[in-house]
2 protein chains.
Amino acid sequence: MPSKPKQFATDLSSSRVSVGDDIRAIRRLRGLTLADLAKQLNRSTGWMSQVERGQNEPSIRDLRKIAALFEFPLSFFFRNHDAPADERGVVVRKASRTTLGTGESGLVEELLSPDLSGDFEMIRSVFAPGADSGKVPARPTQDGGYVISGLLDLWVFGKKHELKAGDSFQFQNSVYRWRNPGSEPAEVIWIISPPAY
Amino acid sequence: MPSKPKQFATDLSSSRVSVGDDIRAIRRLRGLTLADLAKQLNRSTGWMSQVERGQNEPSIRDLRKIAALFEFPLSFFFRNHDAPADERGVVVRKASRTTLGTGESGLVEELLSPDLSGDFEMIRSVFAPGADSGKVPARPTQDGGYVISGLLDLWVFGKKHELKAGDSFQFQNSVYRWRNPGSEPAEVIWIISPPAY
DNA sequence: AAAATGAAATTATTGCCAAATATTTCATTT
DNA sequence: AAATGAAATATTTGGCAATAATTTCATTTT
């Protein structure tokens with residue numbers, strides 16, 4: 001008798017980017033191992049591995065913990081729930097972007113990349129009038145951006161640059177600071193390589 | 001008597017990104033060695049090395065040849081001639097972007113990155129109404145983009161995606177094709193990693 | 001029976017070294 | 001003074017072993 005393939009309650013592998021893939025991506029973003037993360041969740045490494053490979057469903061409770069741990073909205077894991085299957089992993093519609101970050105006031109960031117497993121991530125940032133980042137610690141990444149509208153002051157390598165719509169920038173491993181000196185929101189497309197959220 | 005530093009007609013190393021750095025970047029983009037390029041210019045490898053390190057000035061004639069060889073506009077090398085020194089290599093002003101490419105009709109591409117030596121390059125593309133790329137051969141790169149305005153049909157992995165303002169995409173190593181199905185120009189910010197022009 | 005564990009087996013990553021390529025230097029030639 | 005070309009240096013590439021991470025799966029727990 002031929003052995004039949006193992007069956008699971010839900011085939012989570014049908015969508016191009018599953019919850020497990022997302023967990024794996026954000027875990028690696030923070031440099032944790034399966035064992036590290038499993039420990040935080042009081043689960044075994046084996047279980048964690050299965051979850052990330054879509055062979056096992058994490059509980060909503062687990063997902064919550066993971067989201068909180070990495071400061072991602074829980075909804076991140078469901079962002080492409082209702083996207084057509086063949087768009088998943090490739091296209092992100094304006095209406096279904098994930099909002100990132102800790103809700104720092106004066107800044108709204110939306111993920112334009114379908115997932116975080118690529119070589120770079122694309123973010124749409126909207127800076128409120130007067131908003132100021134203060135010093136942002138240097139990261140081992142390369143950052144670039146394009147100002148779609150509004151004004152943005154950007155300090156890099158100790159030098160202030162006054163940017164306006166149509167201007168762009170790119171820099172590496174620098175402490176930086178931004179501020180919206182205008183009275184309108186500033187809209188910027190921001191690129192980070194490798195992804196570092 | 002202390003030996004004084006060597007002097008050259010022009011100190012090309014003052015600007016953060018010199019002509020030599022540009023030549024080096026675009027040469028590597030195409031995977032050529034110093035010897036390869038030198039040969040094409042009927043020069044020695046040593047001379048080529050000196051030019052790229054700003055210890056030697058290439059003639060305008062040489063620059064022309066290089067530009068033609070790589071299909072860059074000659075003006076590329078002078079794009080930040082009149083930018084403040086401390087902006088060079090970091091900021092690109094709307095007014096002083098370089099136009100890239102071979103002037104393929106229906107497509108205008110401008111380089112938003114200060115130079116081509118980073119991990120990714122940012123390009124602003126404007127697609128004319130009705131313009132169609134036809135099949136673009138796969139490259140060993142990762143591509144992403146954000147539609148600022150207009151409409152763009154994008155074929156990736158054999159599937160057509162109809163994008164409009166606010167939508168974004170990201171894909172890897174794929175043959176693709178784009179087309180502007182609308183009656184207005186489509187403006188897209190395009191990211192390529194690593195740079196591959 | 002289904003879910004989870006934990007230890008063994010497998011796979012992936014890292015550090016090192018040698019070989020091959022590529023680049024720089026510099027004494028000499030044009 | 002500019003350019004060359006060969007020697008010196010530096011960088012990249014490809015194994016290979018050691019370490020770390022992940023997957024598998026027989027067993028235990030719920």
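Just so we're on the same page: letters track the sequence lines, and every chain starts at 1. Being a predicted model, the structure only gives us computed values, none of them experimental. These numbers come from the heavy atoms of this one structure, side chains and all, not from hydrogens, waters or symmetry mates.
Residues satisfying the ring pair (Phe, Tyr, Trp, His ring centres under 6.0 Å) criterion with A/Y176, sequence neighbours excluded, are A/F171, A/W190. Taking the side-chain hydrogen bond (donor to acceptor under 3.5 Å, both in side chains) definition, one finds that B/K160 meets it with B/E162, sequence neighbours left out. Not counting sequence neighbours, the partners of B/R28 by the side-chain contact (heavy atoms from CB on, under 4.5 Å) test are B/R24.
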Test log, rule side-chain contact (heavy atoms from CB on, under 4.5 Å), inputs A/S96 and A/N80: CA-CA 7 Å; A/S96 54; A/N80 49 33; over 6 Å; no
Intermediate values then yes/no, side-chain contact (heavy atoms from CB on, under 4.5 Å), A/L29 and A/E121: CA-CA 12 Å; A/L29 224 49; A/E121 67 183 328; 5.7 Å; no
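Per the geometry, NZ belonging to A/K39 stands 13 Å off P belonging to C/dG6, to the nearest Å. What separates CG of A/L37 from P of D/dT22 is a distance of 10 Å, to the nearest Å. For the pair A/D36 CG and D/dA21 C1', the interatomic distance rounds to 10 Å; values are reported in whole Å. In this structure, A/R61 places its CZ atom 18 Å from P of C/dA3, rounding to the nearest Å. Between the C1' atom of D/dG5 and the CE atom of B/M48 lies a distance of 16 Å, rounded to the nearest Å.
The 12-atom threshold is exceeded at CZ of A/R30, counting heavy atoms of other residues, nucleotides or ligands nearer than 6.0 Å.
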Donor-acceptor pairs are to be reported for all side-chain atoms of residues 149-158 of chain A against protein atoms at under 3.5 Å, with residues two or more places apart or in another chain.
residue, atom, partner, partner atom, Å
A/D153, OD2, A/R179, NH1, 3.2

Pairing annotation in dot-bracket form, given for DNA chain C with Watson-Crick or G-U pairs under 3.5 Å and | for cross-strand partners: ||||||||||||||||||||||||||||||
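Distances shorter than 4.0 Å separate none of the side-chain N or O atoms of A/N56 from OP1 or OP2 on C/dA3.
Between the side chain of B/S44 and the main chain of B/W47, a donor-acceptor pair closer than 3.5 Å is present.
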For nucleotides 23-25 of chain C, give me every protein contact, N/O to N/O, under 3.5 Å, one pair per line with atom names.
residue, atom, partner, partner atom, Å
C/dT23, OP1, B/R27, NH1, 3.1
C/dT23, OP1, B/R27, NH2, 3.3
C/dT23, OP2, B/L34, N, 2.7
C/dT24, OP1, B/R24, NH1, 3.0
C/dT24, OP2, B/R24, NH2, 2.7
C/dT24, OP2, B/S49, OG, 2.8
C/dT25, OP2, B/R53, NH1, 2.2
C/dT25, OP2, B/R53, NH2, 3.4

